[in-house]
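These notes concern the structure reproduced below.
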Amino acid sequence: MQKTQVPVDRYVKVGSINTRYWMMGSGNPIILLHGGQGSVEFWLYNIGTLAKSNCVYALDMVGSGRSDKPQASYSLTYQAQFIKDFMDTLTIESATLIGNSMGGGAALQLALLFPQRVNKLVLVDSMGFGREIALGIRLTTLPLLIRLLRPSRRLLAPMLRNNFYDPQSIPSEWIELRYPIFALPGRKPALMAMVKTNFHLLGVRSQVFHPILSQLATITAPTLVIWGKQDRIIPVAHAYIAAKTIPNARLHIFDRCGHHPHLEYPEKFNNLVLDFLAS
């Protein structure tokens, strides 16, 4: 298998936050938002194709990847404000937001707070539609568990099993790119703050998802909801809530697919998004 070309790392100061991002292409802006404690690498197999007809940005969200990890709440509102500040810094007036998991929740929050900045929304196995979330994430709300967490290659196998329907379908080159990010020092304080603010032992905190649910009907941006049918992190039932409640939404469910359809089925995902953007 031919290796995928990895985009060049760029950095920009968003306020005081040194922020790593990738940028490819020209045309209408698209911003790719990974999930909690993810990184730009999650979009490795999407950015090039989407950039053939658009200007695509993928960024390490504040507190994640190689971006700065300040002491902060890491609420969805805080993250949405950071995305807006990133757009302001790079003079992006409005963009299509494509968000996975917590990145989808932050994109939703931005669409509610600053609707004029969002052209279209693509929500990929997104947070924000209910309390239910994987037991493993709920258990990370126990501080002792995070303190004991030591990044190791042995942890990768169970993580891959939780996140993907077929871990064997994920190229080894991606795992080799992602592992150094997963093992970066200094992740824990930001991770603990993110977990404490957004989750408890019963799931997503009601103050996180209730305000979003109660305002979904006000979203004006055309929205594409994409989900993996066998998602073990956020149940596919949330996809139907999203599609039913957001006024101008369409839905696509990937069968035999987990929490990251853009990684398990990149070609189909890319074509789906390009068709949506062209409509």
Side-chain angles (χ1 to χ4, degrees), residues 28-36 43 46 50 54 56-59 61-62 74-88 92-133 197-198 203-228 231 233-254 259-262 269 272-279:
N28 294 324
I30 295 173
I31 299 176
L32 306 175
L33 304 166
H34 60 73
W43 304 106
N46 315 109
L50 298 178
N54 302 277
V56 187
Y57 303 83
L59 64 149
M61 285 288 287
V62 57
Y74 294 98
S75 66
L76 293 184
T77 301
Y78 172 79
Q79 295 182 57
Q81 182 65 51
F82 170 77
I83 299 163
K84 178 186 173 289
D85 292 345
F86 175 83
M87 294 172 72
D88 289 345
I92 303 167
E93 192 173 323
S94 61
T96 290
L97 302 183
I98 303 180
N100 176 220
S101 199
M102 188 176 280
L108 271 170
Q109 193 72 66
L110 181 67
L112 292 169
L113 291 170
F114 309 104
Q116 71 281 7
R117 308 299 296 268
V118 180
N119 297 329
K120 290 187 175 184
L121 267 178
V122 181
L123 303 171
V124 188
D125 298 64
S126 174
M127 191 173 142
F129 303 111
R131 183 182 304 282
E132 297 79 15
I133 200 156
T197 297
N198 293 288
V204 181
R205 291 184 181 274
S206 58
Q207 61 264 38
V208 174
F209 71 87
H210 271 161
I212 291 174
L213 273 182
S214 66
Q215 297 178 80
L216 283 181
T218 70
I219 289 178
T220 54
T223 302
L224 174 61
V225 179
I226 299 175
W227 225 275
D231 188 344
I233 307 298
I234 303 176
V236 70
H238 288 203
Y240 296 102
I241 294 169
K244 182 177 71 176
T245 317
I246 298 172
N248 190 6
R250 61 179 79 170
L251 174 66
H252 186 91
I253 306 290
F254 280 94
H259 191 54
H260 305 292
H262 51 299
F269 176 91
L272 193 65
V273 169
L274 288 171
D275 287 346
F276 170 66
L277 294 178
S279 64

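Index from 1, following the sequence.
- Residues satisfying the salt bridge (Lys or Arg N to Asp or Glu O under 4.0 Å) test with D85, not counting sequence neighbours, are none.
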Throw together a table of side-chain donor-acceptor distances under 3.5 angstrom for residues 122-130, partners on residues two or more places apart or in other chains.
unit_1, atom_1, unit_2, atom_2, d
D125, OD1, G228, N, 3.3
D125, OD2, G228, N, 3.1
S126, OG, G105, N, 3.3

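- The side chain to side chain donor-acceptor pair (under 3.5 Å) test applied to T223 returns no partner, not counting sequence neighbours.
- In this structure, E93 places its CD atom where only 12 or fewer heavy-atom neighbours from other residues, nucleotides or ligands lie under 6.0 Å away.
- Residues forming a side chain to side chain donor-acceptor pair (under 3.5 Å) with E132 (at least two apart in sequence, or on another chain): H238.
- Residue pairs satisfying the salt bridge (charged side-chain N to carboxylate O under 4.0 Å, His left out) criterion with at least one member in residues 100-121, sequence neighbours excluded, are listed as follows: D88-R117.
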Got a list of side-chain donor-acceptor pairs under 3.5 Å for residues 241-251, not counting sequence neighbours?
unit_1, atom_1, unit_2, atom_2, d
T245, OG1, I241, O, 2.6
R250, NH2, S279, OG, 3.1

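- Applying the side chain to side chain contact (heavy atoms under 4.5 Å, CB included) test to H210 and every residue at least two apart in sequence or in another chain returns S206.
- Qualifying ring pair (Phe, Tyr, Trp, His ring centres under 6.0 Å) partners for H262, counting only residues two or more places apart in sequence or in other chains: W43, H260, F269.
- Shown here are the ring pair (Phe, Tyr, Trp, His ring centres under 6.0 Å) partners of F86, two or more places apart in sequence or in another chain: Y21.
- Under the ring pair (Phe, Tyr, Trp, His ring centres under 6.0 Å) criterion, Y78 pairs with Y74, sequence neighbours left out.
- Looking at every heavy atom in both residues, L59 comes nearest to H34 through O-CD2, 3.2 Å.
- In this structure N54 satisfies the side chain to side chain donor-acceptor pair (under 3.5 Å) test with no other residue, sequence neighbours excluded.
- Counting heavy atoms from C-beta outward, I30 and V56 have side chains that approach closer than 4.5 Å.
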